[in-house]
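For reference, the structure is listed below as structure tokens.
Chain letters run A, B, ... following the sequence lines, proteins first, then strands; residues in each count from 1.
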Protein chains: 2
Amino acid sequence: MKFTKIPLATINRLSVYLRVLEDLLEDNTDVISSERLARHCGVNPAQIRKDLAYFGEFGVRGVGYRVVDLISQIKEILGLNRTWNLAMVGVGNLGSALIRHGNFIKHGYVFAAAFDIDPEKVGKKLPNGLIINHVDELEEVVKERNIHIGVIATPASAAQSVANQLILAGINGILNFAPVQIQVPDCCHVENIDFTIKLDSIAYHLSTNF
Amino acid sequence: MKFTKIPLATINRLSVYLRVLEDLLEDNTDVISSERLARHCGVNPAQIRKDLAYFGEFGVRGVGYRVVDLISQIKEILGLNRTWNLAMVGVGNLGSALIRHGNFIKHGYVFAAAFDIDPEKVGKKLPNGLIINHVDELEEVVKERNIHIGVIATPASAAQSVANQLILAGINGILNFAPVQIQVPDCCHVENIDFTIKLDSIAYHLSTNF
DNA sequence: CGTTGTGAACGATTTCACAGCG
DNA sequence: CGCTGTGAAATCGTTCACAACG
């Protein structure tokens, strides 16, 4: 475990490796070389070895990596040998679809609270049993239920104000689906998911290559 | 318009600039300097000038950039002075939420077809008036309705097969929400959106910083 | 005068190439 | 022998600093 600065890209690739390794495990693959793993992930083999080298020595020379071990080691690195509690803010189309989406729970992310501002929605029960709280109760509920990460799925106009409330409630990690750049203090880590930015990139490639 | 290789990061930033510029226009800002625009976008002013310099000279020295002009020029660069037709494949929770999501249409992306494999869903009408087709009709409908970009919101297990069908139908741009790395020929541009990878990154930061 | 546009310096990340080792 | 781990080289992207110019 070194003390160098680790590229953000490395962290994202570790997640990708993890997904692929979990698939490989299901296919009963015991051991895999960096070269074969690289092909599955669409990266350079040396990249994988470098990425892992930031955190330790996990392979066996002349052999490769034991799949079960590498999975557990990457989980350890990323902090995934545990459950993370999420709070959804904004239970519209997108928010409620995400809460019902099975992928979160599969990877240890549990929606433990949901908030909205619409009086029609507050008090309603979601398919997973969660009852929607009013945003005014955010700080209280976040602390009570030990929420670690806030997910913003509100309209753009509400996103900054919601982010402020999340931070006030002591939250340091935000996944933001609203199409605005939200401002947060350094202690808080934000990841943005903006569908239309990804589409813009596709549009650019379609426009120029053909 | 140079012939250098343009960083992918530049393209993504142009989208961000565009979003901010559109907000500025609504606030009746006529002209903006790279320095002020940079603050809004959270980047370095020289970065903005460099990004734009790949494509031409759009500013006025001593003054800055005219907001309306820059918007139209970035749209021109990205290929957004037109409408793009999308096909949704997989009309589950996520797929149907995305179709109802207003942000796509706002930026010129129109869902013009929707496909599913579930006989219960095929033939049903979506809130936007679209009737769900069976995936078997994909190639036919894609050509008929002049679809440009495929959006995959199926389970991971179906994603690769759907991608193959999209490519067979002549599609060269795919937005993939399924949590797998799909393999496509070079002519096709894929953008992945994997929620849990973003959450993994947040989990890592929460685990290490505290 | 102020801000753009840009070569040059810098910094970061990826890839190479091979020593080290099971 | 084969594959990992890693210093060194190459590549790529960002920031600086200032000349050019409206």
task: Step through the shown structure and confirm whether more than 12 heavy atoms of other residues, nucleotides or ligands are within 6.0 Å of CD1 on Ile193(B).
output: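 Yes, enclosed.
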
Could you state the atom-to-atom distance from [atom1] of [X] to [atom2] of [N] in whole Å?
{"X": "Tyr65(B)", "N": "dT3(C)", "atom1": "OH", "atom2": "P", "result": "12 Å"}
{"X": "Tyr17(A)", "N": "dT4(D)", "atom1": "OH", "atom2": "P", "result": "13 Å"}
{"X": "Ile48(A)", "N": "dT4(D)", "atom1": "CD1", "atom2": "P", "result": "9 Å"}
{"X": "Leu70(A)", "N": "dG5(D)", "atom1": "CG", "atom2": "P", "result": "10 Å"}
{"X": "Lys5(B)", "N": "dC12(D)", "atom1": "NZ", "atom2": "P", "result": "6 Å"}
{"X": "Leu8(A)", "N": "dG13(D)", "atom1": "CG", "atom2": "C1'", "result": "15 Å"}
{"X": "Asp51(A)", "N": "dA12(C)", "atom1": "CG", "atom2": "C1'", "result": "14 Å"}
{"X": "Ile11(A)", "N": "dT14(C)", "atom1": "CD1", "atom2": "C1'", "result": "16 Å"}

Any heavy-atom pair between the side chains of [Y] and [X] that's under 4.5 Å?
{"X": "Leu206(A)", "Y": "Trp84(B)", "value": "yes"}
{"X": "Glu22(A)", "Y": "Glu26(A)", "value": "no"}
{"X": "Ile6(A)", "Y": "Phe55(A)", "value": "yes"}
{"X": "Lys198(B)", "Y": "Leu175(A)", "value": "yes"}
{"X": "Ser15(B)", "Y": "Tyr204(A)", "value": "no"}

task: May I ask you to evaluate whether Tyr54(A) reaches the phosphate of dT14(C), defined as a side-chain N or O under 4.0 Å from OP1 or OP2?
output: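 No, because none of the side-chain N or O atoms of Tyr54(A) sits under 4.0 Å from OP1 or OP2 of dT14(C).
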
- request: Would you indicate, yes or no, if dT14(D) has its OP1 or OP2 atom less than 4.0 angstrom from a side-chain nitrogen or oxygen of Arg13(B)?
  value: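 For Arg13(B), the contact criterion (side-chain N or O under 4.0 Å from OP1 or OP2 of dT14(D)) is met.
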
- prompt: Would Ser207(A) and Arg82(B) count as having a side-chain donor-acceptor pair, cut-off 3.5 Å?
  reply: no

- line: Which of dT14(C), dT6(C), dT14(D) is nearest the side chain of Ala9(B)? It is dT14(D)

- request: For a side-chain hydrogen bond (donor to acceptor under 3.5 Å, both in side chains) with Asp200(B), tell me which candidate from Arg19(A), Lys75(A), His107(A) qualifies.
  value: Arg19(A)

query: Please, which pairs that meet ring pair (Phe, Tyr, Trp, His ring centres under 6.0 Å) have at least one residue in residues 149-192 of chain B, sequence neighbours excluded?
result: Phe195(A)-Phe177(B), His205(A)-His189(B)

query: Looking at DNA chain D, which of residues 26-34 of chain B put a heavy atom within less than 4.0 Å of it?
result: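 Within this stretch, nothing sits under 4.0 Å of the strand.
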
statement: Readout for nucleotides 15-22 of chain C: B = base within 4.0 Å of protein heavy atom, S = sugar-phosphate only, - = neither; 5' to 3' it is BBB--BBB

